[in-house]
A.B. asks: 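Before we start, here is the structure in question, set down as structure tokens.
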Amino acid sequence: MVQRLSQRVQQIAPSATMSVDAKTKALLQAGQPVVNMSVGEPDFDTPVAAAFAGVQAIVNGNTRYTAAAGTVELRRAIAEKLARENGLAYTPNQIVVSSGAKHTLYNIFMSILDPGDEVIVPAPYWVSYPEQIRLAGGVPVVVESDESTGFKMTPERLAAALTKKTKAVLLNSPNNPTGAVYNASELRALGDVLQNHDCLIVTDEIYEKLVYGVEYTSFAAACPDLMDRTLLVNGFSKAFAMTGWRLGYVACAEDLATAMASLQSHGTGSPSTMSQAAGLAAFAAFNSDVVSAFWRRRDVLVAGLRNIAGIECELPDGAFYVFPNVRAAFGRAYEGRVIGNALDYAEVLLEKHWVATVPGDAFGAPNNIRLSYATSLQNVEEALRRIQDFHRVLGF
Ligand code: PMP
Ligand code: GLU
């Protein structure tokens with residue numbers, strides 16, 4: 001029989017974050033009392049002004065295709081945002097809007113990679129990067145980091161990973177899954193290494209608004225010399241709680257933007273017209289209460305986890321994830337079942353104590369698990385009680 005699936009899709013695994021979330025939602029629907037700490041999706045509502053602008057677009061008949069790269073109005077508003085908030089000068093022609101930052105990243109890798117091109121991916125990394133790079137024919141080159149450097153890639157490690165085949169370096173700050181935030185001098189130190197290496201820099205800044213007591217710096221603002229080689233990725237999902245609207249964007253050199261718009265014109269055609277109208281209204285509707293709510297949850301969650309024997313937990317500066325180390329539990333038995341790794345740990349925690357988390361293996365960090373605190377403070381507190389019980393059964 002004919003091989004129905006391409007080699008391309010045969011080599012990818014489904015998104016672990018989305019699979020755990022689907023499994024959790026199925027359990028919840030079946031009436032199980034699961035606390036969902038798995039998916040990275042704000043539990044707040046889209047700002048009313050943005051939602052209303054989307055509805056208005058539909059009702060007013062603003063329901064046709066837009067330019068492939070997105071409406072000029074939205075691209076102008078994004079350029080203004082990048083100037084106002086990040087100190088970066090872009091023209092609307094340097095911006096391409098897509099159906100979510102995930103789609104933006106996909107367009108980027110499809111547009112810049114040839115077979116065999118290497119992309120440096122600092123670990124722990126978000127699940128979709130390596131798969132997207134491979135789908136585009138590229139080779140992800142993982143650079144490890146752990147708690148000893150606050151989960152940040154050091155300039156030395158970056159320098160050691162660069163080769164003649166390095167086409168791009170990926171940066172993600174604030175980071176998913178660790179919450180690590182690179183400060184301006186750390187970005188400059190990485191930029192110094194890249195000065196002498198002619199490659200692109202893809203910087204995923206989708207969590208930029210979610211930082212707690214530290215200043216956020218965009219990579220190109222820290223390293224203006226490298227701006228022409230930088231592809232800045234951002235979107236509306238996290239800052240504006242607009243995950244389902246599917247809206248993200250890239251700002252970069254015009255030749256790259258033109259190529260991506262052309263690719264997109266044959267893929268989705270354009271991003272959703274009503275979502276773009278909503279996004280345009282979102283900029284004026286940012287709700288900073290969301291940041292204080294996340295901040296409070298982070299503090300409660302980290303303090304609680306640090307109180308549980310057998311868990312070590314960094315204090316992340318941003319995003320809405322914590323990434324505790326649970327290695328001490330490996331080798332211990334839970335009612336006769338040995339917890340061999342983070343996958344077993346997360347599975348038993350879900351099945352026996354009803355807390356959904358994502359095992360670190362999916363992020364290239366097998367000693368850790370990820371908990372998202374994009375959920376209520378009550379859920380955070382309940383999850384802590386349950387993890388405490390779980391650890392008691394493990395004999396801590
Ligand atoms: N980058 C990172 C690091 C993320 O965590 C996410 C969340 N899914 C995305 C990009 C993509 O977000 P979206 O496609 O919803 O804009
Ligand atoms: N980025 C979120 C997460 O990591 C949403 C799911 C996804 O797109 O992977 O949980």
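Just follow the structure's listing: the first ligand is 1, and inside any ligand the first atom is 1.
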A.B. asks: To the nearest 0.1 Å, how far is atom 6 (C) of ligand 1 from its closest protein heavy atom, and which atom is that?
C.D. replies: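 Looking at atom 6 (C) of ligand 1, the protein heavy atom closest to it is Trp126 CZ2, 3.6 Å.
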
A.B. asks: Side chain, backbone, both or neither: which part of Tyr249 has a heavy atom under 4.0 Å from ligand 1?
C.D. replies: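 For Tyr249, there is no contact with ligand 1 at all, from either part.
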
A.B. asks: Could you see which bit of Ala101 sits under 4.0 Å from ligand 1, with heavy atoms only: side chain, backbone, both or neither?
C.D. replies: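 It is both backbone and side chain that touch ligand 1.
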
A.B. asks: Taking Glu85 first and then Lys209, would you say they form a salt bridge - that is, a charged N and a carboxylate O separated by under 4.0 Å?
C.D. replies: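 Yes.
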
A.B. asks: Of all the non-hydrogen atoms in the protein, which one sits nearest to atom 15 (O) of ligand 1, and at what distance?
C.D. replies: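 Residue, atom and distance for the closest contact: Ser237 OG, 2.6 Å.
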
A.B. asks: Within the 4.5 Å heavy-atom criterion, are Ile120 and Glu118 side-chain neighbours or not?
C.D. replies: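 Side chain of Ile120 against side chain of Glu118, heavy atoms only: no contact under 4.5 Å found.
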
A.B. asks: Does the distance from a Lys or Arg side-chain N to an Asp or Glu carboxylate O, for Arg386 and Glu382, drop under 4.0 Å?
C.D. replies: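 Salt bridge between Arg386 and Glu382, a charged N being under 4.0 Å from a carboxylate O: yes.
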
A.B. asks: How far is atom 12 (O) of ligand 1 from its nearest protein heavy atom, and which residue and atom name does that atom have?
C.D. replies: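 So the nearest neighbour among protein heavy atoms is Ile206 CD1, 3.5 Å.
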
A.B. asks: Below 4.5 Å, heavy atoms only, C-beta onward: do Tyr125 and Leu170 meet side chain to side chain?
C.D. replies: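 Not in contact.
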
A.B. asks: Considering both backbone and side-chain atoms of Tyr207, is one of its nitrogen or oxygen atoms within less than 3.5 Å of a nitrogen or oxygen in ligand 1?
C.D. replies: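 Yes, there is a polar N/O contact under 3.5 Å.
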
A.B. asks: For atom 11 (C) of ligand 1, what is the closest protein heavy atom, and at what distance to 0.1 Å?
C.D. replies: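 Here the closest protein heavy atom is Lys102 N, 3.6 Å.
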
A.B. asks: Are Leu256 and Leu232 connected, step by step, through hydrophobic side chains (Ile, Leu, Val, Met, Phe, Trp, Tyr) whose heavy atoms are closer than 4.5 Å?
C.D. replies: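 Cluster IDs for Leu256 and Leu232 differ.
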
A.B. asks: If the threshold is 4.0 Å, N to carboxylate O, is there a salt bridge linking Arg188 and Asp192?
C.D. replies: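 Looking at Arg188 and Asp192, the cut-off is not met.
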
A.B. asks: Using the side chain to side chain contact (heavy atoms under 4.5 Å, CB included) rule, pick out the option among Leu305, Ile369, Val326, Val35 that qualifies with Ile387.
C.D. replies: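 That would be Leu305; it is the only one of Leu305, Ile369, Val326, Val35 passing the side chain to side chain contact (heavy atoms under 4.5 Å, CB included) with Ile387.
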
A.B. asks: Tell me the protein heavy atom at minimum distance from atom 1 (N) of ligand 1, and give that distance in Å.
C.D. replies: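 Looking at atom 1 (N) of ligand 1, the protein heavy atom closest to it is Asp204 OD2, 2.6 Å.
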
A.B. asks: What do we get for Asn172 next to ligand 1 when only non-hydrogen atoms under 4.0 Å count, side chain, backbone, both or neither?
C.D. replies: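 Side chain only; the backbone of Asn172 stays clear of ligand 1.
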
A.B. asks: Any atoms of ligand 2 less than 4.0 Å from a non-hydrogen atom of Trp126? List them with their elements.
C.D. replies: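 Selected atoms, number and element: 1 (N), 4 (O), 7 (C), 8 (O), 9 (O).
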
A.B. asks: Asn176 versus ligand 2: do any nitrogen or oxygen atoms come within less than 3.5 Å of each other?
C.D. replies: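 N/O-N/O distance under 3.5 Å: yes.
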
A.B. asks: Less than 4.0 Å is my threshold; does some heavy atom of Thr243 fall inside it relative to ligand 1?
C.D. replies: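 No, that is not the case, since the closest heavy atom of the residue is not under 4.0 Å from the ligand.
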
A.B. asks: Using 30° and 60° as the class boundaries, would you call the ring planes of Phe323 and Phe363 parallel, tilted or perpendicular?
C.D. replies: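 Aromatic pair Phe323/Phe363 classed perpendicular.
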
A.B. asks: Evaluate the side-chain proximity of Glu314 to Thr178: yes if any heavy-atom separation is below 4.5 Å, no if none is.
C.D. replies: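 Heavy-atom side-chain distance check fails, nothing below 4.5 Å.
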
A.B. asks: What part of Phe363, side chain from CB on, backbone N/CA/C/O, both or neither, has a heavy atom under 4.0 Å from ligand 2?
C.D. replies: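 No part of Phe363 is near ligand 2 at this cut-off.
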
A.B. asks: For atom 6 (C) of ligand 2, what is the closest protein heavy atom, and at what distance to 0.1 Å?
C.D. replies: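 I find the closest protein heavy atom is Thr17 OG1, 3.6 Å.
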
A.B. asks: Examine ligand 1 and decide if any of its atoms is less than 4.0 Å from a heavy atom belonging to Gly235.
C.D. replies: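 Outside the 4.0 Å threshold, so no.
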
A.B. asks: Mind checking whether Arg246 has a heavy atom under 4.0 Å from ligand 1?
C.D. replies: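 Under 4.0 Å: yes for Arg246.
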
A.B. asks: Does the ring center of Tyr345 lie less than 6.0 Å from the ring center of Phe390?
C.D. replies: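 Tyr345 vs Phe390: aromatic centres under 6.0 Å.
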
A.B. asks: Which atoms of ligand 2 are found less than 4.0 Å from any heavy atom of Val39?
C.D. replies: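 Close to Val39: 10 (O).
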
A.B. asks: Tyr207 and Phe294: aromatic ring centres closer than 6.0 Å?
C.D. replies: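 Tyr207 vs Phe294: aromatic centres not under 6.0 Å.
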
A.B. asks: What part of Phe236, side chain from CB on, backbone N/CA/C/O, both or neither, has a heavy atom under 4.0 Å from ligand 1?
C.D. replies: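 Answer for Phe236: neither.
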
A.B. asks: Between Lys81 and Glu205, does at least one N-O distance fall below 4.0 Å, as a salt bridge requires?
C.D. replies: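 Judged by the 4.0 Å cut-off on N to carboxylate O distance, Lys81 and Glu205 do not form a salt bridge.
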
A.B. asks: Just to be sure I'm reading this right: ignoring hydrogens, which of Lys102, Arg370, Met18, Lys238 gets closest to atom 1 (N) of ligand 2? Compare them by their nearest heavy atoms.
C.D. replies: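 Nearest option to atom 1 (N) of ligand 2, by heavy atoms: Lys238.
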
A.B. asks: With atoms numbered from 1 as shown, which atoms in ligand 2 lie under 4.0 angstrom from a non-hydrogen atom of Ser15?
C.D. replies: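 Near Ser15, meaning under 4.0 Å from one of its heavy atoms, ligand 2 has 9 (O).
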
A.B. asks: Would you mind listing which atoms of ligand 1 come within a distance below 4.0 Å of any non-hydrogen atom of Asn176?
C.D. replies: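 Contacts of ligand 1 toward Asn176, numbered from 1: 3 (C), 4 (C), 5 (O).
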
A.B. asks: Are the ring centres of Phe286 and Phe236 closer than 6.0 Å?
C.D. replies: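 Not close enough - the centres of the two rings lie 6.0 Å or further apart.
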
A.B. asks: Are Lys238 and ligand 1 in contact, using a heavy-atom cut-off of under 4.0 Å?
C.D. replies: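 In this structure, Lys238 qualifies as a contact of ligand 1 - some heavy atom is under 4.0 Å.
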
